[in-house]
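Remarks on the structure that follows.
All of these numbers come straight from a predicted model, not from anything done at the bench. Atoms within a ligand are numbered from 1 in the order they appear, just like the ligands themselves. What's counted below: heavy atoms across the whole structure, side chains too, no hydrogens, waters or symmetry copies.
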Amino acid sequence: MSKSIVRVTCGHPGCNEFARYEADNRKHSIDLYVRYGNGKWKCVRHSQPDEVLSSDNCKTVDEVKVIKHSQGLYWGKEKGFSGFAHGPGFKAFAKDFPPGTILRVTAEIIAPPHRHAQESGHE
Ligand SMILES: [Zn+2]
């Protein structure tokens, strides 16, 4: 059986973002379509709008905590998801810290400086 691609578009009215899922067979492609098709899938802009930075939403702060599991220490909220957290400019191993330690991640958009002064007289 050859693999096929299931393409679904964002359920938000007017949004053209889409996702592609690889299906192993016909049944899998139908399962994927039932799960994500017909507007059930939403792009990150429409599923997590609070986390999408913009000029109106120029700063986000999120926190994960070191949580102790039977298999070790993980970063997470209620449930641990990973022993290693990373982003631009940082990496953090949960096992390097005691349980309850918080990793606070701040992302901030800084607009470029206004350039009207240097560009006066163009055109
Ligand atoms: Zn969308």
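- Partners of E22 by side chain to side chain donor-acceptor pair (under 3.5 Å), not counting sequence neighbours: none found.
- Using a 4.5 Å cut-off between side-chain heavy atoms of Ile, Leu, Val, Met, Phe, Trp and Tyr, with links allowed through other members, V44 and Y21 fall into different hydrophobic clusters.
- Protein N/O/S atoms found under 2.8 Å from the Zn ion (ligand 1): C10 SG, C15 SG, C43 SG, H46 ND1.
- Counting only residues at least two apart or in different chains, side chain to side chain donor-acceptor pair (under 3.5 Å) contacts with residues 92-112 comprise E63-R104.
- Residues in residues 27-37 take part in these side chain to side chain donor-acceptor pair (under 3.5 Å) pairs, two or more places apart or across chains: K27-D31.
- For the pair V6/V8, a side-chain contact is recorded, criterion being any heavy-atom separation below 4.5 Å from C-beta on.
- Panel note: side chain N57, backbone V52; a donor-acceptor pair is recorded below 3.5 Å.
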